[in-house]
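Labels below follow one simple rule: chain letters A, B, ... track the order of the sequence lines, proteins then strands, and each chain is numbered from 1.
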Amino acid sequence: MTDTRFDPSKADGRWQRAWDEAGTFTADSASPKPKSFILEMFPYPSGRIHMGHVRNYTMGDVLARYKKMRGHEVLHPMGWDAFGMPAENAAMEKKVHPGAWTRSNIEAMKAQLRRIGFALDWTREFATCDPEYYGHEQSLFIDMYEAGLVYRRQSEVNWDPVDMTVLANEQVIDGKGWRSGAEVEKRKLDQWFLKITDFAGELLDGLAELKDWPDKVRLMQENWIGKSSGLEFSFELSNGDKLPVYSTRPDTIFGASFCAVAADHPLAQQVGASNPAAASFIEECKRGGTTAAELETAEKLGFDTGITAKHPFTGAPLPVLIANFVLMDYGTGAVMGVPGHDQRDFEFATKYELPIVRVVASDPAQAGEPFKGEAEPGDGVIVNSDFLDGMSVEEAKAQVIKRAEDDQWGEGTTVWRLRDWGVSRQRYWGTPIPFIHCDTCGVVPVPKDQLPVTLPDDVDFETPGNPLERHPTWSKTSCPKCGGDARRETDTLDTFTNSSWYFLRFASQPVDAPFDPEEVAKWMPVEHYIGGIEHAILHLLYARFWTRALKHIGKLDVAEPFAALFTQGMVTHETYSLGDGSWLSPDEVRKDGADWTRIEDGAPVSAGRVVKMSKSKKNVVDPDNIIADYGADAVRWFMLSDSPPERDLPWSEAGIEGCGRFVQRLWRLFESLDPTAAGEDKALARKAHQAIVAVAEDIEALSFNKAVARIYELTGTAEKAAPSESRNFAIRTILHLVSPMMPHLAEEVWSRQNESGLIADAVWPEHDPAMLVEDEVTIAVQHKGKLRDTLTAPKGASKEDLEALALASEKVQRSLDGAEIRKVIVVPDRLVNIVT
RNA sequence: GCGGGUGUGGCGGAAUGGUAGACGCCGGGGACUUAAAAUCCCCUGAUCCUAUAGAUCGUGUGGGUUCGAGUCCCACCACCCGCACCA
């Protein structure tokens with residue numbers, strides 16, 4: 001009996017339960033099979049799964065299922081990056097506990113993920129807010145502290161003077177606090193740091209081994225780590241002090257016309273102490289946020305200290321200014337200003353009328369050439385520079401460093417742009433930093449047998465600031481060393497810490513340790529790691545750093561956590577707005593002919609740009625509704641179709657309808673299989689064999705859109721073919737090829753065809769290499785580089801034969817029109833180009 | 001400001017330096033039906049045209065290399081992402 005339609009509302013749940021009951025996707029670390037660890041970046045439990053998650057996890061799912069078909073033991077886990085600000089915001093706005101809010105979100109989102117039919121090993125699920133997880137994190141943090149990788153120092157935060165609280169960069173809007181609207185100030189606090197800079201060289205060199213990472217991500221990390229070599233030297237100041245500066249361009253030292261120091265540089269502080277005008281300038285520099293983008297786009301401001309610095313070669317006095325664009329965190333917090341060859345210095349010098357001297361020119365004759373309104377940071381020949389004249393930039397750099405070292409007033413150094421990782425957060429919903437402050441003993445780690453240090457449940461979100469700090473009793477404790485009264489650290493760890501080692505916990509989860517290195521070694525490194533490009537630098541660098549740091553302290557023997565990385569694009573949707581600029585969601589609008597209107601009242605709606613789905617623009621589509629309408633397989637198919645996975649995917653109603661139709665089309669094709677059909681259809685069989693190879697290659701390259709196109713093509717051909725053994729082979733082939741993408745449909749068909757077991761446990765079909773080769777090829781014939789004719793020739797035909805065939809073409813002769821042939825280019829099996 | 005990326009029909013896109021537009025969506029025409037849905041078949045880059053044929057143009061813009069450029073090189077434009085306390 002044949003059913004004319006596939007009913008996902010019945011089949012989806014049936015097969016999801018079947019996989020669960022059979023433990024189909026439970027990873028066995030004792031298996032002798034080759035291991036594949038497929039991982040997608042775990043979600044923050046915001047409340048609902050969104051289409052971006054669906055796309056991300058569908059890609060990983062196809063890979064995981066494919067690897068299983070290829071005979072691998074697959075680890076494909078899921079968990080929750082559960083600490084973070086939104087839970088605290090919910091606590092303030094909705095009066096729910098961050099933990100309760102997070103837990104109920106996890107429950108809802110887990111149910112959603114199950115409905116999409118992902119091949120996940122739920123036995124290894126955890127949330128980073130589980131004390132069983134963050135307790136181990138605290139233990140690792142203490143290990144790092146004992147290895148000298150953790151330290152405390154003062155660092156700036158965004159301070160909201162009205163709410164009396166620290167703000168995240170995200171909470172600073174145009175330099176103002178997002179709730180209070182008060183002008184944000186920079187304030188210094190004692191904070192915890194991880195010494196990622198100790199690993200700068202390793203993290204940089206390690207990039208070279210990451211062959212299966214996108215070049216762009218490696219390049220971004222390389223630039224972020226920012227290795228530079230230059231000269232560190234000290235200016236002698238008119239007040240008798242020395243001012244150490246660092247420059248990557250010592251070759252331009254004769255072009256220096258001023259020195260600039262950061263507002264929080266000791267020299268600036270010293271000047272500010274006795275000069276009220278300087279003090280108020282320094283205060284002014286404290287206004288605004290702490291982000292690089294803000295600092296660098298802000299108007300360049302300076303304050304002349306009246307102090308001068310003696311140029312090391314000419315002895316000329318250079319004014320020393322306090323400048324808002326100099327960063328205390330980079331180099332020495334002080335620079336020599338060379339306006340001719342650095343754009344920031346140029347703008348600063350122009351504003352404060354400081355000399356702009358050319359010391360690099362395109363050739364020596366251009367030494368007097370004026371600047372055209374901007375600095376010239378490029379390469380050239382050194383001019384106006386005494387003994388450096390005529391040298392290249394590189395030669396001059398080396399010469400200046402050599403002189404400085406010979407005369408002992410400076411030395412060549414390597415400086416990194418990478419800064420140590422500040423992990424302190426003055427917030428509740430994070431991993432408590434496991435330290436105790438004792439007036440007698442100083443900072444003392446919590447003894448490991450007292451871990452985890454758990455968060456208190458009874459917290460107050462009514463008043464702003466850090467609830468841990470305000471808690472009446474939580475921070476009160478005794479010193480593990482002297483037993484005296486002491487105070488718990490009330491800062492929590494940056495949430496990036498939680499995501500820096502979670503993959504290790506997926507691989508191995510003993511009760512009494514963060515992980516077992518032997519178990520970890522069976523699965524790590526992650527074979528494919530998939531997530532958004534927005535994590536290209538921070539998360540991926542921090543995870544690489546933790547892995548290396550843990551190796552360094554002997555906890556594990558893996559240097560790089562992610563063998564291959566894939567960064568997928570966003571899911572986008574058209575936006576809709578009313579005349580007043582307010583946004584409407586897709587289900588509030590309707591298309592009337594060419595125009596859009598609001599369903600409710602027919603008000604005209606303008607359809608706007610296609611952008612990332614976001615709550616604020618209301619252009620979101622809920623996966624649950626779509627699954628209810630079309631089934632999980634149609635949604636999965638949509639996520640894989642059309643757009644290359646690294647690019648944005650525009651969601652459309654028409655698109656998902658098309659996918660729903662294709663699911664039914666496949667169903668009819670599978671139902672049309674006739675086991676009694678006989679006879680060979682060589683062309684069709686050949687296409688099927690070619691598809692087996694091509695789809696496998698496409699999946700391995702994560703080119704799911706191409707795999708989808710090939711399956712469409714083979715499906716179209718099989719549909720039109722007359723019944724034959726070959727056609728049955730093609731149909732069974734399609735069933736296997738789509739099974740990682742449409743697992744529910746595949747299982748349903750598999751069981752209806754009375755196959756044993758689950759298709760999820762089936763193997764990838766074999767291809768016959770002899771069937772891949774075509775007998776005939778189409779040859780393009782060009783005249784003067786333009787296509788004039790195409791002809792069919794046997795594969796492997798000789799150049800002479802192809803040339804003769806081409807010249808015999810009537811169309812070619814017409815195009816040639818008797819012209820003299822100067823040259824004929826023949827590319828075997830491809831084309832013939834006749835040049836006249 | 002700095003760093004990274006993207007740009008091909010109405011839309012998403014395909015194309016080891018070798019037939020640009022595979023495959024899908026939308027649209028048009030037709031078949032089936034009392035009708036609709038579903039399904040099936042055909043057409044579908046632009047312009048010209050003496051129209052089953054043929055010609056020209058066409059991969060963000062302007063140059064260049066090559067027998068041949070979406071692909072390689074140079075310059076530019078537009079848009080997107082990241083910038084260390086969003087996750």
So, OP1 or OP2 of [N]: does either fall under 4.0 Å of a side-chain N or O from [X]?
| X | N | value |
| --- | --- | --- |
| A:Arg609 | B:rA78 | no |
| A:Lys786 | B:rC67 | no |
| A:Thr495 | B:rA87 | yes |
| A:Arg647 | B:rG13 | yes |
| A:Lys811 | B:rG54 | yes |

Ring-face cation of [X] near [Y] (centre distance under 6.0 Å, axis angle within 45°):
| X | Y | value |
| --- | --- | --- |
| A:Arg590 | A:Trp596 | no |
| A:Arg153 | A:Phe193 | yes |
| A:Arg152 | A:Trp192 | yes |

With a non-hydrogen cut-off below 4.0 angstrom, is [X] in contact with a base, only sugar-phosphate, or nothing?
| X | value |
| --- | --- |
| A:Ser641 | nothing |
| A:Ser643 | sugar-phosphate |
| A:Val827 | base |
| A:His535 | base |
| A:Lys300 | nothing |
| A:Ser499 | nothing |
| A:Ser424 | base |

For residues [X] and [Y], establish whether the separation of their ring centroids is below 6.0 Å.
| X | Y | value |
| --- | --- | --- |
| A:Trp421 | A:Tyr542 | yes |
| A:Phe503 | A:Trp546 | no |
| A:Phe325 | A:Phe348 | yes |

With distance as the sole criterion, is a donor-acceptor pair present between the side chains of [X] and [Y] under 3.5 Å?
| X | Y | answer |
| --- | --- | --- |
| A:Asp491 | A:Ser424 | yes |
| A:Asn498 | A:Asp81 | no |
| A:Thr197 | A:Asp420 | yes |
| A:Thr572 | A:Asp648 | no |

Completion exercise
Sorted by position of nearest nucleotide on RNA chain B, 5' first, the leading residue of A:Pro644 and A:Trp421 is A:Pro644
Practice task
Between A:Asn705 and A:Lys216, name the one whose nearest nucleotide on RNA chain B is closer to the 5' end.
Solution key: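 Closer to the 5' end of RNA chain B: A:Lys216.
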Problem - Chi-based syn or anti call at B:rG54, which uses purine or pyrimidine torsion atoms and a 90° bound - result: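 Because its glycosidic torsion lies more than 90° from 0, B:rG54 adopts the anti conformation.
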Atom-to-atom span, [atom1] of [X] to [atom2] of [N] - whole angstrom:
| X | N | atom1 | atom2 | result |
| --- | --- | --- | --- | --- |
| A:Arg419 | B:rC83 | CZ | P | 12 Å |
| A:Trp213 | B:rG4 | CH2 | P | 17 Å |
| A:Met109 | B:rA87 | CE | P | 15 Å |
| A:Glu713 | B:rC23 | CD | C1' | 7 Å |
| A:Leu540 | B:rG82 | CG | P | 14 Å |
| A:Arg218 | B:rG82 | CZ | C1' | 19 Å |
| A:Lys799 | B:rG18 | NZ | C1' | 13 Å |
| A:Asn324 | B:rG1 | CG | P | 16 Å |

Nearest to the side chain of [X], which nucleotide is it out of [options]?
| X | options | answer |
| --- | --- | --- |
| A:Arg425 | B:rC85, B:rA84, B:rA87 | B:rC85 |
| A:Arg668 | B:rC40, B:rU19, B:rG13 | B:rC40 |
| A:Arg830 | B:rA20, B:rA14, B:rU16 | B:rU16 |
| A:Ile537 | B:rC26, B:rG82, B:rC83 | B:rG82 |
| A:Arg788 | B:rA20, B:rG82, B:rU56 | B:rU56 |
| A:Arg661 | B:rC85, B:rA84, B:rC25 | B:rC25 |
| A:Asn833 | B:rC85, B:rC67, B:rG12 | B:rC67 |
| A:Val166 | B:rU19, B:rC85, B:rC83 | B:rC85 |

Between the base of [N] and the side chain of [X], is there any donor-acceptor pair under 3.5 Å?
| X | N | answer |
| --- | --- | --- |
| A:Gln191 | B:rC85 | yes |
| A:Asp642 | B:rG12 | yes |
| A:Gln426 | B:rC85 | yes |
| A:Arg710 | B:rC23 | no |
| A:Asn169 | B:rC85 | no |

State the pairing partner of [N]; accept Watson-Crick or G-U wobble contacts with both distances under 3.5 Å, and report none otherwise.
| N | result |
| --- | --- |
| B:rU19 | none |
| B:rC2 | B:rG82 |
| B:rG9 | none |
| B:rA75 | B:rU61 |
| B:rA55 | B:rU47 |
| B:rU39 | B:rA31 |

Determine the Euclidean distance between corresponding [atom1] atoms of [M] and [N]; express it in Å to zero decimal places.
| N | M | atom1 | answer |
| --- | --- | --- | --- |
| B:rA14 | B:rU19 | C1' | 14 Å |
| B:rA69 | B:rG17 | C1' | 7 Å |
| B:rU34 | B:rC26 | C1' | 30 Å |
| B:rC48 | B:rG62 | C1' | 27 Å |
| B:rG58 | B:rC79 | C1' | 23 Å |
| B:rA15 | B:rG70 | P | 15 Å |
| B:rG82 | B:rA87 | C1' | 13 Å |
| B:rU71 | B:rU6 | P | 14 Å |

